[in-house]
Number of protein chains: 2
Amino acid sequence: MTQKQEQLSKNQQIVLSIIEKAKGPLKAYSILYNVQRRGIKAPLQVYRALEKLIEIGKIHKIKSKNAFIACKNSDCEISKATAFSICNNCEHVKEIKNTKLSKYLSNFEDNSGMKYKKYNLEFFGLCKNCKLKQ
Amino acid sequence: MTQKQEQLSKNQQIVLSIIEKAKGPLKAYSILYNVQRRGIKAPLQVYRALEKLIEIGKIHKIKSKNAFIACKNSDCEISKATAFSICNNCEHVKEIKNTKLSKYLSNFEDNSGMKYKKYNLEFFGLCKNCKLKQ
DNA sequence: TAACAAACGTTATATTATAACAAATTAAGG
DNA sequence: CCTTAATTTGTTATAATATAACGTTTGTTA
Ligand SMILES: [Zn+2]
Ligand SMILES: [Zn+2]
Ligand SMILES: [Zn+2]
Ligand SMILES: [Zn+2]
């Protein structure tokens, strides 16, 4: 019996912990600078860890920012269906967990009857804080 | 009375015509190579044209591909609400024009009651062709 | 322990995008 | 027509993001 084991490797743990501690999405090279004293010296080491972490759903990539954020949805382990809200002013990013939305999108059929297994949605607007300050 | 005029400049026209002729999304540097004989020599000239064309809604950027595609929705001039289907196999990209979907997303409220003015949605799956060939 | 897969370390390089600055062109108003 | 402001252009250099290629090490499984 081959048991698939999801123990994170050393570099993966280091990168994940940095991302989890962060208040917002982190860029790859900013992660790199943050982990150099922990022995990670090259971009590729970061990118490889990021790739794996995305694959197993621990983090997501915010495409419009080329930045990486920890997943807050414990049930989002496959990371196929993602939705985020992004503040245009303060750049705050939040993962949207909304069952109706995810059901709607997972069941969406386009005009030709085609369905899709995977999606990424990014909403842009002003977060509550920034809205008040206006 | 100041009339806002949206005549495209020379470089903007060149870049747009290349993108409109293309069968799929084009990358910035591929556009550059395609227009060098027409006098556009530097990346920045391409990126500036792209920026303007996006702003006025003539093209969209496919974020997951860092590539640019012509807008097929004549009523999408502000380019705030975009949705695409992307084939994971042949990389075919199609802009989704679906009133229900766009209404649903434009009216979407997150769990905190927040609404968003702008969104970008990218669906991934297999296009009809690729589904048949499997 | 042999064999395989995954992760690592390292160097170099590819790809994508913007900064900075000066010149040329275009729109609008008097 | 002339002036002024705004936009666009051309150019060089460089920043920021990401991957290729290679050999080594570590971990897992049989
Ligand atoms: Zn998630
Ligand atoms: Zn904000
Ligand atoms: Zn469009
Ligand atoms: Zn396809």
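Proteins get letters first, then strands, A, B, ... in listed order; numbering begins at 1 in each.
By the side-chain hydrogen bond (donor to acceptor under 3.5 Å, both in side chains) test, S85(B) pairs with Y116(A), sequence neighbours left out. Applying the side-chain contact (heavy atoms from CB on, under 4.5 Å) rule to K23(A) yields no partners; only residues at least two apart in sequence or on another chain are considered. Every residue meeting the ring pair (Phe, Tyr, Trp, His ring centres under 6.0 Å) condition with F84(B), not counting sequence neighbours, appears here in chain and number order: H60(B). E91(B) pairs by the salt bridge (Lys or Arg N to Asp or Glu O under 4.0 Å) definition with K65(B), not counting sequence neighbours. For N107(B), there are no side-chain hydrogen bond (donor to acceptor under 3.5 Å, both in side chains) partners two or more places apart in sequence or in a different chain. Checked against side-chain hydrogen bond (donor to acceptor under 3.5 Å, both in side chains), N98(B) has the following partners two or more places apart in sequence or in another chain: N111(A). For N88(B), the side-chain contact (heavy atoms from CB on, under 4.5 Å) partners at least two apart in sequence or on another chain are F124(B).
The distance from atom CG of L32(A) to atom P of dA18(D) is 13 Å, rounded to the nearest whole Å. Rounded to whole Å, the distance from CD on Q7(A) to C1' on dA5(C) is 17 Å. If you measure from atom CG of N66(B) to atom P of dA14(C), you get 18 Å, rounded to the nearest angstrom. Here dA16(D) presents its P atom at 16 Å from CD1 of I31(A), a figure rounded to the nearest Å. Between E51(A) atom CD and dC8(C) atom C1' there is a gap of 14 Å when expressed in whole angstrom units.
With V15(A) as reference, L53(A) is the one residue of L53(A), L26(A), L8(A) to meet the side chain to side chain contact (heavy atoms under 4.5 Å, CB included) rule.
For the helix from dT1(C)-dA30(D) to dG30(C)-dC1(D), the end axes, each set by the C1' atoms of five terminal pairs, are bent relative to each other by 50° (nearest 10°).
Listed by residue number, the members of residues 10-26 of chain B with any heavy atom below 4.0 angstrom from DNA chain D are K10(B), N11(B), Q12(B). Interface residues of residues 36-50 of chain A facing DNA chain C, ordered by number: K41(A), A42(A), L44(A), Q45(A), R48(A); criterion, heavy-atom separation under 4.0 Å.
With hydrogens and angles ignored, a donor-acceptor pair under 3.5 angstrom links the side chain of Y29(B) to the base of dA17(C).
The salt bridge (Lys or Arg N to Asp or Glu O under 4.0 Å) contacts involving residues 106-127 of chain A comprise D110(A)-K94(B), where partners must be two or more places apart or lie in separate chains.
Taking only side-chain nitrogens and oxygens, K52(A) comes nearer than 4.0 Å to OP1 or OP2 of dA7(C). At dT9(D), one or more side-chain N or O atoms of S9(B) fall inside 4.0 Å of OP1 or OP2 (strictly under the cut-off).
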Show the atom names and distances, to 0.1 Å, of all donor-acceptor pairs under 3.5 Å that link a side chain in residues 36-47 of chain A to residues at least two apart or in another chain.
{"residue": "R38(A)", "atom": "NH2", "partner": "S17(A)", "partner atom": "OG", "Å": "3.1"}
{"residue": "Q45(A)", "atom": "OE1", "partner": "K41(A)", "partner atom": "N", "Å": "2.8"}
{"residue": "Q45(A)", "atom": "OE1", "partner": "A42(A)", "partner atom": "N", "Å": "2.9"}

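At a threshold of 4.0 angstrom between heavy atoms, the contacts of K61(B) are confined to the sugar-phosphate backbone, with no base atom among them.
Looking at heavy atoms from C-beta onward, Y104(B) lies in side-chain contact with K100(A) at the 4.5 angstrom threshold.
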